[in-house]
*Asks:* 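Can you keep this structure in mind? I'll have questions shortly.
Ligands are counted one by one from 1 in listed order, and the atoms in each one are counted from 1 as well. Because the structure is predicted, anything quoted here is derived from the model rather than measured.
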Amino acid sequence: MAKVIIYKSKTGHTKRYAKMLSEELNIPCYSYKDAKASENDEIIFLSYIYASKIMGLSKILKKYNVKVVIAVGALAYSKDYVETLKNANNISLPFFYLRGGIDYSKLNFFFRKFLSIIGKDIAKDDKELLNLFKNGKDFVTKNNLEPCINYLKNI
Ligand SMILES: Cc1cc2nc3c(=O)[nH]c(=O)nc-3n(C[C@H](O)[C@H](O)[C@H](O)COP(=O)(O)O)c2cc1C
């Protein structure tokens with residue numbers, strides 16, 4: 001069975017992780033819209049998080065044989081956050097969380113406004129988070145992907 005990466009990305013962070021993973025594992029990588037995979041392929045699905053929801057996950061689970069789910073969000077990694085996301089999205093599959101970032105230049109007015117309002121609420125007095133929600137930031141590194149790469153090389 002072939003392994004195939006399918007990703008969903010709005011502002012590019014998830015796409016960059018998907019491409020890095022594809023190069024590292026030497027397997028094809030398609031965006032959600034252009035996915036060329038058969039029902040038998042083993043799918044590694046990457047998508048971004050909006051309001052704790054992993055976008056497109058329920059649709060992809062209905063259509064494909066998903067083996068691993070990788071979610072990309074703006075908040076820092078922690079074991080608690082990983083558990084919160086797994087519960088909020090009903091995930092029993094192997095799951096990884098990667099920090100993406102916020103790129104305000106690629107968001108429309110509605111999402112920019114939404115993030116700056118909820119951002120203040122989430123950040124409270126945390127200076128790093130206040131700055132993140134005010135100015136945006138890019139946290140994508142290959143280093144973040146290492147645990148996924150190690151896991152996927154061994155299955
Ligand atoms: C409306 C909105 C809601 C978001 N909600 C969350 C969230 O609940 N948790 C989180 O970690 N990041 C959240 N983010 C941040 C995105 O997940 C982050 O920008 C991610 O890197 C986007 O991936 P992409 O560049 O592939 O589209 C939110 C962003 C927007 C615009």
Side-chain angles (χ1 to χ4, degrees), residues 4-25 27-37 43-61 63-64 66-149 151-152:
V4 175
I5 295 170
I6 298 180
Y7 69 86
K8 198 170 161 69
S9 181
K10 197 159 188 107
T11 62
H13 303 90
T14 312
K15 180 177 180 178
R16 279 156 60 213
Y17 277 127
K19 298 274 175 198
M20 280 185 221
L21 204 53
S22 161
E23 268 182 33
E24 194 62 37
L25 301 173
I27 57 175
C29 170
Y30 302 107
S31 74
Y32 188 75
K33 275 193 309 207
D34 307 321
K36 290 186 190 73
I43 304 300
I44 299 158
F45 181 60
L46 290 88
S47 186
Y48 59 93
I49 304 160
Y50 273 15
S52 300
K53 193 171 185 283
I54 301 168
M55 305 306 284
L57 180 62
S58 46
K59 267 195 194 165
I60 207 108
L61 287 174
K63 198 165 170 195
Y64 292 112
V66 178
K67 287 290 172 192
V68 180
V69 176
I70 303 172
V72 177
L75 299 179
Y77 170 91
S78 75
K79 284 190 178 158
D80 283 352
Y81 191 41
V82 169
E83 280 314 304
T84 303
L85 290 172
K86 281 176 84 169
N87 291 335
N89 293 275
N90 267 323
I91 293 177
S92 47
L93 289 165
F95 175 73
F96 293 88
Y97 172 72
L98 303 173
R99 198 171 197 189
I102 293 175
D103 184 347
Y104 279 112
S105 72
K106 293 188 182 146
L107 287 171
N108 66 24
F109 175 81
F110 173 77
F111 285 133
R112 282 203 303 271
K113 197 84 199 147
F114 179 85
L115 260 198
S116 64
I117 291 167
I118 64 155
K120 278 185 201 130
D121 211 40
I122 294 169
K124 299 193 172 72
D125 294 328
D126 184 320
K127 281 200 180 126
E128 196 240 311
L129 279 182
L130 281 170
N131 188 45
L132 166 66
F133 284 109
K134 188 162 174 246
N135 301 312
K137 195 165 175 174
D138 184 354
F139 296 99
V140 176
T141 65
K142 184 150 177 222
N143 213 26
N144 292 342
L145 258 182
E146 288 302 328
C148 303
I149 293 170
Y151 175 81
L152 290 165

*Asks:* Between Tyr97 and ligand 1, find which residue part has any heavy-atom pair under 4.0 Å and reply side chain, backbone, both or neither.
*Replies:*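 Answer for Tyr97: side chain.
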
*Asks:* For atom 23 (O) of ligand 1, which protein heavy atom lies nearest, and how many Å away is it?
*Replies:*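 Minimum-distance protein heavy atom for atom 23 (O) of ligand 1 reads Tyr48 CB, 3.2 Å.
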
*Asks:* Give the numbers and elements of all ligand 1 atoms closer than 4.0 Å to a heavy atom of Gly100.
*Replies:*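 Once the distances to Gly100 are compared, the set is 21 (O).
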
*Asks:* Could you find the nearest protein heavy atom to atom 1 (C) of ligand 1 and give me its residue, atom name and distance?
*Replies:*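 Going atom by atom, the protein heavy atom closest to atom 1 (C) of ligand 1 ends up being Phe114 CD2, 3.2 Å.
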
*Asks:* Are any of the side-chain heavy atoms of Leu21 and Ile149 separated by less than 4.5 Å?
*Replies:*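 With C-beta onward as the side chain, the pair touches.
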
*Asks:* How close does the nearest protein non-hydrogen atom get to atom 8 (O) of ligand 1, and which residue and atom is it?
*Replies:*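 Protein heavy atom with the smallest distance to atom 8 (O) of ligand 1: Ser52 N, 2.8 Å.
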
*Asks:* Which of the atoms of ligand 1 are close to Lys10, meaning less than 4.0 Å from one of its heavy atoms?
*Replies:*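 Those atoms are 24 (P), 26 (O), 27 (O).
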
*Asks:* Are there over 12 heavy-atom neighbours, none belonging to Glu146, within less than 6.0 Å of that residue's CD?
*Replies:*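 Yes.
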
*Asks:* Below 4.5 Å, heavy atoms only, C-beta onward: do Arg16 and Asp138 meet side chain to side chain?
*Replies:*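 Arg16 vs Asp138: side chains touch.
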
*Asks:* Can you confirm whether Met55 sits close enough to Lys10 that some side-chain heavy atom of one is under 4.5 Å from a side-chain heavy atom of the other?
*Replies:*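 Side chain of Met55 against side chain of Lys10, heavy atoms only: no contact under 4.5 Å found.
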
*Asks:* Are any non-hydrogen side-chain atoms of Ile122 and Leu75 less than 4.5 angstrom apart?
*Replies:*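 Result yes, sub-4.5 Å side-chain heavy-atom pair found.
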
*Asks:* Please determine whether any non-hydrogen atom of Phe110 lies less than 4.0 Å from an atom of ligand 1.
*Replies:*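 The answer is no: ligand 1 sits nowhere under 4.0 Å from a heavy atom of Phe110.
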
*Asks:* Got Leu132 and Ile102 here, is their nearest side-chain heavy-atom distance under 4.5 Å?
*Replies:*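 Yes, close enough: below the 4.5 Å cut-off.
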
*Asks:* For the residue pair Tyr81 and Tyr97, categorise the inter-ring angle as parallel (less than 30°), tilted (30 to 60°) or perpendicular (more than 60°).
*Replies:*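 Taking Tyr97 first and then Tyr81, their aromatic rings stand perpendicular (interplane angle over 60°).
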
*Asks:* Please check whether Gly12 reaches ligand 1 - meaning an N/O of the residue sits under 3.5 Å from an N/O of the ligand, judged on distance alone.
*Replies:*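 Yes, Gly12 has an N/O under 3.5 Å of an N/O on ligand 1.
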
*Asks:* Going by the atom numbers of ligand 1, which of them fall below 4.0 Å from some non-hydrogen atom of Gly73?
*Replies:*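 Result: 10 (C), 11 (O), 12 (N), 17 (O).
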
*Asks:* If I apply the N/O under 3.5 Å rule, does His13 come out as touching ligand 1?
*Replies:*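 By distance alone, the answer is yes.
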
*Asks:* Nearest non-hydrogen contact with atom 17 (O) of ligand 1 belongs to which option: Ile122, Thr11, Ile49?
*Replies:*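 It is Ile49 whose heavy atom sits nearest to atom 17 (O) of ligand 1.
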
*Asks:* Heavy atoms only, cut-off 4.0 Å: how does Tyr81 contact ligand 1, side chain, backbone, both, or neither?
*Replies:*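 It is the side chain that gets close, since no backbone atom is under 4.0 Å.
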
*Asks:* Among Thr14, Asp138, Asn108, Ile54, which residue places a heavy atom closest to atom 26 (O) of ligand 1?
*Replies:*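 Nearest heavy atom to atom 26 (O) of ligand 1 lies in Thr14.
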
*Asks:* Please determine if Phe111 has a nitrogen or oxygen closer than 3.5 Å to a nitrogen or oxygen of ligand 1.
*Replies:*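 No, Phe111 has no N/O under 3.5 Å of an N/O on ligand 1.
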
*Asks:* Contact between ligand 1 and Tyr7 is defined here as a heavy atom of the residue under 4.0 Å from a ligand atom; is it met?
*Replies:*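 Contact absent.
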
*Asks:* Go through it in stages, so that I can follow the logic: the residues are Leu145 and Leu98, the test is side chain to side chain contact (heavy atoms under 4.5 Å, CB included), and I'd like the CA-CA distance, side-chain angles, deciding distance and then a yes or no.
*Replies:* CA-CA 7 Å; Leu145 258 182; Leu98 303 173; 3.7 Å; yes

*Asks:* Verify ring-ring contact (aromatic ring centres under 6.0 Å, His included) between Tyr50 and Phe111, making sure each step is shown before the conclusion.
*Replies:* CA-CA 10 Å; Tyr50 273 15; Phe111 285 133; 5.1 Å; yes

*Asks:* Check whether any side-chain heavy atom of Val140 lies under 4.5 Å from a side-chain heavy atom of Met20, and answer yes or no.
*Replies:*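 When only atoms from C-beta onward are counted, Met20 and Val140 do touch, with a gap below 4.5 Å.
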
*Asks:* Within the 4.5 Å heavy-atom criterion, are Tyr7 and Lys15 side-chain neighbours or not?
*Replies:*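 In contact.
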
*Asks:* For atom 12 (N) of ligand 1, find the nearest protein heavy atom and state the residue, atom name and distance (0.1 Å precision).
*Replies:*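 Nearest neighbour among protein heavy atoms for atom 12 (N) of ligand 1, to 0.1 Å: Ala74 N, 3.1 Å.
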
*Asks:* Looking at ligand 1, does any of its N/O atoms fall within less than 3.5 Å of an N/O of Leu75?
*Replies:*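 Yes.
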
*Asks:* Which atoms of ligand 1 have any heavy atom of Ser9 under 4.0 Å away?
*Replies:*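 Answer, ordered by atom number: 24 (P), 26 (O), 27 (O).
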
*Asks:* Which part of Tyr50 is near ligand 1, with near meaning a heavy atom under 4.0 Å away: side chain, backbone, both or neither?
*Replies:*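 Within the 4.0 Å criterion, Tyr50 contacts ligand 1 through backbone and side-chain atoms alike.
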
*Asks:* Does the side chain of Asn89 come within less than 4.5 Å of Val69's, by heavy atoms?
*Replies:*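 Answer no - side chains too far apart.
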
*Asks:* What pair of heavy atoms forms the shortest contact from Leu107 to Thr11, and how long is it?
*Replies:*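 Taking every non-hydrogen atom into account, CD2-CG2, 3.7 Å.
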
*Asks:* Counting from 1, what ligand 1 atoms have a heavy atom of Val72 closer than 4.0 Å?
*Replies:*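 Near Val72, meaning under 4.0 Å from one of its heavy atoms, ligand 1 has 17 (O), 20 (C), 21 (O).
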
*Asks:* Looking only at heavy atoms, is any part of Ala51 under 4.0 Å from ligand 1, and if so is it the side chain, the backbone, or both, or is it neither?
*Replies:*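 It is the backbone that touches ligand 1; the side chain stays farther off.
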
*Asks:* Over all heavy atoms of both residues, which pair between Asp126 and Leu129 is shortest? Give the atoms and the distance, please.
*Replies:*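 Heavy atoms only, the tightest pair is OD1-N, 3.1 Å.
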
*Asks:* So is Leu107 polar-close to ligand 1, meaning N/O to N/O under 3.5 Å?
*Replies:*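 Such a contact does not occur with ligand 1.
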
*Asks:* Heavy-atom distance to atom 20 (C) of ligand 1: which of Ala18, Ser116, Gly101 wins?
*Replies:*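 Comparing heavy atoms across Ala18, Ser116, Gly101, the nearest one to atom 20 (C) of ligand 1 lies in Gly101.
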
*Asks:* For ligand 1, is there an N or O atom under 3.5 Å from any N or O atom of Leu115?
*Replies:*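 Such a contact does not occur with ligand 1.
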
